[in-house]
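Note on naming: letters A, B, ... go to the chains in the order of the sequence lines (proteins, then strands), and numbering restarts at 1 for each one.
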Amino acid sequence: MDIDDILQEFETATSRKETKKTPTTLYDELVVAMVNERMAPELLPFKHELLQKVLAQISNQQQFLLDSHEYGDVNAESGVVTGDFKLQLMIIETDIERINYLIRLYLRTRLSKIDKFTIFYINETADEDPDSKDRLLSSQEQKYMHQHFKILTRLYNNCFLKRLPHTLTLLDDTSGGQSMIVEPDLNQPVFVKSITDKPITISLGEDDELDLVNDGIYVVKYKLVRDYISIGDVVMI
Amino acid sequence: MYGDLANKLILDAKRTTNLSALPLYQGDLVKDIIKEIQDLNKDAEFLEEQTDDGDEQLKINQCQLFVTHLSMRRNKRCLLAYERLRAEKVAEFAWLNIDPIGDPNATKSHTTIADNYIYSNYTTQLSLDNLNHAEEEYFKAYQDLMLEYKSAFADIDLSGDLEPPTNIFIDVRVLKDGGEVQTEYGSFNLIKDSQFYVRKSDVERLIQQGYLEEL
């Protein structure tokens, strides 16, 4: 049984008035978002809508599971409940577990990137509009980042920074020819796959060009395909 | 030589990266390095005041000043790198959600978790004795921070296993005695060497804490 069937079953089982297109695409979207996030050297914009939808569906499913278990327990003796019923519940449970895992990986990957490039992203998001839809970080992540930076700074200060000469106490020092702010390396090579029918031509500099054809797999510098990834014509693998 | 002490610190940090437990905080070494930086700073201040010598002397002074500044900066970076690594390890441990070890004698029973291949690169042990005061504070603050972040995602176990799940039910063997465990599918008793077939998400915490072993 593949994922589509299971998701189909989800829909009928819960009899929610979801439009037909969402269940499969939602799962696929999540996988793409997760893989992209894992492979990209920089933080990608947070998928606000996607996450909201998935989280809502998961809690629906969990509620449904609870109800069904109750229903199963109550009717266990009367013979209304067949073995298939338990199996169905288990399939749903397995699937929740899987989606759970995807989200877990997605969020944790983002957190690890935020931890790595903290100062860079604090500067980057400083003048973002907090109400706009396409913010780089979710509000929780924003909070996490600032809070984590605060406790880290406190740790450094308590350990040694407060005892150093005043000129050396900066954490985002860029003098002396070396920047202390860790930035994502956009030149890192990544594996990508083109998923659009339109041919994409990227310039490699020095009059060199590379055509990405549909379904082709390439290794390119991240910054060259960055824009195509954000519009979804190219996915990372 | 200036920088030797910092070098030692970095070597210690490098060793730490592959350990599953956080070693003792190198308080003395850190103190010595801070002292070195303070000395260097005094040197630098002194050198900056020396301006009335000849041209030749001025050049020498400037060169010395430059090297002094470089050494100070390098020391600072080493200190930061060392502390950062420790902070990361502490945070990594916080995600695993295991109780830290307060009593140094209790460490032995915890070695089994480290043998598990999944966790081989993780910080699976943390002895509070090895942390300095500021680090302990950081650990607590980070735990709070993590809880706050996780509370936004009530249905998702964010600190769970990062390996893809295969079965929802797994076979486990009990490694040490514990009390009764309640799950949705009934309860079982933790008796050493007994085996159970249980739902993975129910017992994940117990595996991380070293009560159970996945077969």
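At a 4.5 Å heavy-atom cutoff, A/N157 makes no contact with chain B through either its backbone or its side chain. If you measure heavy-atom distances from A/L102 to chain B, you find no contacts under 4.5 Å at all. Proximity to chain A involves both the backbone and the side chain of B/L80, based on heavy atoms less than 4.5 angstrom apart.
In this structure, the side chains of A/Q147 and B/Y149 stay at 4.5 Å or more apart for every pair of heavy atoms. Between B/Y138 and A/N158 there is no side-chain heavy-atom pair separated by less than 4.5 Å. Considering only heavy atoms from C-beta on, B/E83 comes within 4.5 Å of A/L155 through its side chain.
Counted within 6.0 Å of CZ on B/R74, heavy atoms from surrounding residues, nucleotides or ligands total more than 12; the atom is thus considered enclosed. Summarising the local packing, CE of A/M236 is surrounded by more than 12 heavy atoms from other residues, nucleotides or ligands at distances under 6.0 Å. Counted within 6.0 Å of CG on A/N187, heavy atoms from surrounding residues, nucleotides or ligands total more than 12; the atom is thus considered enclosed. In this structure, A/K113 places its NZ atom where more than 12 heavy-atom neighbours from other residues, nucleotides or ligands lie under 6.0 Å away.
Atom-to-atom distance recorded for B/M146:CE and A/H148:NE2 is 11.0 Å, nearest 0.5 angstrom. The CG atom of A/L107 sits 12.0 Å away from the NZ atom of B/K150 when rounded to the nearest 0.5 Å.
By the 30° and 60° cut-offs, the orientation of the rings of A/Y144 relative to B/Y142 is perpendicular.
Top candidate by heavy-atom pairs under 4.5 Å with chain A, chosen from B/E137, B/R84, B/E148, is B/R84.
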